[in-house]
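Reviewing the structure listed below.
Predicted model, so just to flag it, every value in this text is computed and none were measured.
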Amino acid sequence: FLVGLRSDLHASNFIFHSYGGDWQFRNEKVGIGISPTYLTHIYGAEAGEGTALGQLAIQSSTAFGSTPDAGIIFLNQHTSGSQAIMGGIKVTKSNTGDGDLDSTLSLQVRKHGAVAFNALTINEDAYTTLAGSLQIAADGYIAFGDTSHLIDVNAGHMIFKMPTNEDFY
């Protein structure tokens with residue numbers, strides 16, 4: 001980094017020059033690649049793969065061979081001077097397998113008196129789980145608790161699948 005204070009800026013405004021672009025600090029705001037309008041403002045071409053494109057990458061430093069989580073935690077002040085985690089967004093590697101890239105995406109919330117939990121999880125097959133009990137599959141099946149009680153919504157009407165594999169209309 002080259003750190004400098006331009007003559008046309010006030011003492012609270014700094015620009016850090018790097019090989020990847022400028023970091024600008026203006027009026028207690030941080031801009032990466034742009035003069036900041038928001039508290040943190042990132043500007044640049046999207047990068048990534050498939051449809052996972054963006055300007056910010058968050059990576060876990062958890063050791064190889066585990067199930068690392070990468071995410072964002074949201075904090076709020078709940079009383080004067082006290083803050084708490086209110087929820088989050090995380091992506092987890094689903095297994096410890098070498099070269100197996102399956103993952104889940106979870107939205108987390110918090111109920112008073114408890115800690116944050118996964119309220120909604122989407123797995124690598126696009127199955128969606130709501131608070132651990134209701135599963136909605138990408139192919140239109142809905143499961144309650146375990147997968148033995150299914151609802152097929154693709155048939156133009158609802159078919160309830162019972163544990164005995166008999167259909168109930």
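Between the side chain of S66 and the main chain of A63, a donor-acceptor pair closer than 3.5 Å is present. Formation of a donor-acceptor pair under 3.5 Å by the K93 side chain with backbone atoms of G97 is found in this model. R110 places no side-chain N or O within 3.5 Å of a backbone atom of F117 that could act as its donor or acceptor partner.
Note on L101 and Y127: separate hydrophobic clusters, where clusters join Ile, Leu, Val, Met, Phe, Trp and Tyr whose side-chain heavy atoms are under 4.5 Å apart, directly or indirectly. A continuous path of Ile, Leu, Val, Met, Phe, Trp and Tyr side chains, each step under 4.5 Å between heavy atoms, connects I72 with L105, placing both in one hydrophobic cluster.
Side chains of S106 and T121: a donor-acceptor N/O pair is present below 3.5 angstrom, by distance only.
For Q77, the CD atom is densely surrounded, since the number of other residues' heavy atoms within 6.0 Å is greater than 12. Dense packing is recorded around CG of L75, with more than 12 heavy atoms of other residues, nucleotides or ligands lying under 6.0 Å away. Heavy atoms from other residues, nucleotides or ligands lying under 6.0 Å from OH of Y43 number 12 at most.
A116 and G87 make their closest contact through CB-CA, 4.4 Å (heavy atoms, listed as atom of the first residue, atom of the second, distance). For the residue pair V109 and A119, the shortest heavy atom distance occurs at CG2-CB, 3.6 Å. Taking all atoms of both residues into account, the shortest heavy-atom contact from M86 to H78 is CE-CB, 4.2 Å.
A 4.5 Å side-chain heavy-atom check between T128 and L120 finds at least one atom pair inside the cut-off. With a 4.5 Å cut-off on side-chain heavy atoms, I89 and F74 count as touching.
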Item to check | Stepwise side chain to side chain donor-acceptor pair (under 3.5 Å) test for S60 and D69 | outcome: CA-CA 6 Å; S60 172; D69 294 321; over 6 Å; no
Checklist entry - Given F64 and D98, is the side chain to side chain contact (heavy atoms under 4.5 Å, CB included) satisfied, shown in steps? => result CA-CA 9 Å; F64 174 78; D98 187 8; 3.5 Å; yes
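Here CD of E124 is found 11.0 Å from OG1 of T92. Values are rounded to the nearest 0.5 Å. Between atom CG of residue L56 and atom CD1 of residue I32 there is a gap of 7.5 Å, rounded to the nearest 0.5 Å. Atom OG of S103 is separated from atom CG of N95 by 9.5 Å, given to the nearest 0.5 angstrom. Distance check, rounded to the nearest 0.5 Å: OG1 of T40 to NZ of K29 gives 11.0 Å. With rounding to the nearest 0.5 Å, the separation of CD1 in I73 from CD in Q108 is 7.5 Å.
In this view, H41 and Y38 satisfy the ring-ring contact (aromatic ring centres under 6.0 Å, His included) rule, not counting sequence neighbours.
Under the side chain to side chain contact (heavy atoms under 4.5 Å, CB included) test applied with T104, the options N118, N123, T67, V91 reduce to a single match, N123.
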